[in-house]
Amino acid sequence: RQNELDHDEL
Amino acid sequence: MNVFRLAGDMSHLLAIIILLLKIWKTRSCAGISGRSQLLFALTYTARYLDLVTNWVSLYNTVMKVFFIATSYATIYLMYLKFKATYDSNHDTFRVEFLLLPVTILALVLNHEFSFMEILWTFSIYLEAVAILPQLFMVSKTGEAESITSHYLFALGSYRLLYIFNWIWRYYTEEYYDLIAIIAGVVQTVLYCDFFYLYFTKVLKGKKLQLPA
């Protein structure tokens, strides 16, 4: 599960 | 990356290109809210500071640079180059009523109390409401040029498409970010009234005009 702190979206 | 996310980004890109072309070709920024554009520039500046700390992909970097650069280019065109055409007497939404609550909310409701994370959260909340001065301006003048309507439609569609992207990611990656989702839903809801007018008027060749 990806960490929500990663912010890979724009 | 999925098709909804890509379509959302392209819609966002298209909105910005439509706006810049409108201003450039007509040599006028009439009907455009400078206050909304200032809020967008603040949004992208706060969010994309991670350009220097966090590498995601070439696509991500190029898009971030584009969004920051075009937001400042728009401000330059509105407040300097074509200042004479800027409709400032209709652009009167009090942005402090947005900035203050958004700042407080970002300090209270965030994933982590750190400088970069609070800036990111602030930008997410601010983006959700940044269009309000523009919508206020349209309601104040009671109309919008077709090209401005197309701009608003593309800009509104972008976050709606992101919502589909978040649903997709929830089922395929079990990934979700509640802050982005809730703010994105609020952002999209703000456009609903405009979407209705866009479909019932603008697409039928009529000018977007509010009932008196």
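Every chain is numbered from 1 and lettered A, B, ... according to where its sequence line falls, protein lines coming before strand lines. Small disclaimer: the values here were computed from a predicted structure and weren't measured.
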Quick check for you: to the nearest 0.5 Å, what is the distance between B:Asp50 atom CG and A:Leu5 atom CG? 11.5 Å
B:Phe122: which residues meet the ring pair (Phe, Tyr, Trp, His ring centres under 6.0 Å) condition with it, sequence neighbours left out? none
Scanning both residues in full, the closest heavy-atom pair of A:Leu10 with B:Arg159 reads O-NH1, 3.6 Å
Atom CZ of B:Phe164: over 12 foreign heavy atoms under 6.0 Å: no
Only pairs under 3.5 Å count here: list side-chain donor-acceptor contacts from residues 3-13 of chain B, not counting sequence neighbours, and write none if there are none.
unit_1	atom_1	unit_2	atom_2	d
B:Arg5	NE	B:Asp9	OD2	3.0
B:Arg5	NE	B:Tyr162	OH	3.0
B:Arg5	NH2	B:Asp9	OD2	3.4
B:Asp9	OD1	B:Tyr162	OH	2.6
B:Asp9	OD2	B:Tyr59	OH	2.7
B:Ser11	OG	B:Ala154	O	2.7
B:His12	NE2	B:Tyr44	OH	2.8

Can you tell me which portion of B:Trp166 sits under 4.5 Å from chain A's heavy atoms? Options are side chain, backbone, both or neither. side chain
Is any side-chain heavy atom of A:His7 closer than 4.5 Å to a side-chain heavy atom of B:Glu117? yes
Looking only at side-chain N and O atoms, does A:Glu9 offer a donor or acceptor that is under 3.5 Å from a partner on B:Asn60? no
Side-chain donor or acceptor of A:Asp8 paired with backbone N/O of B:Val56 under 3.5 Å: no
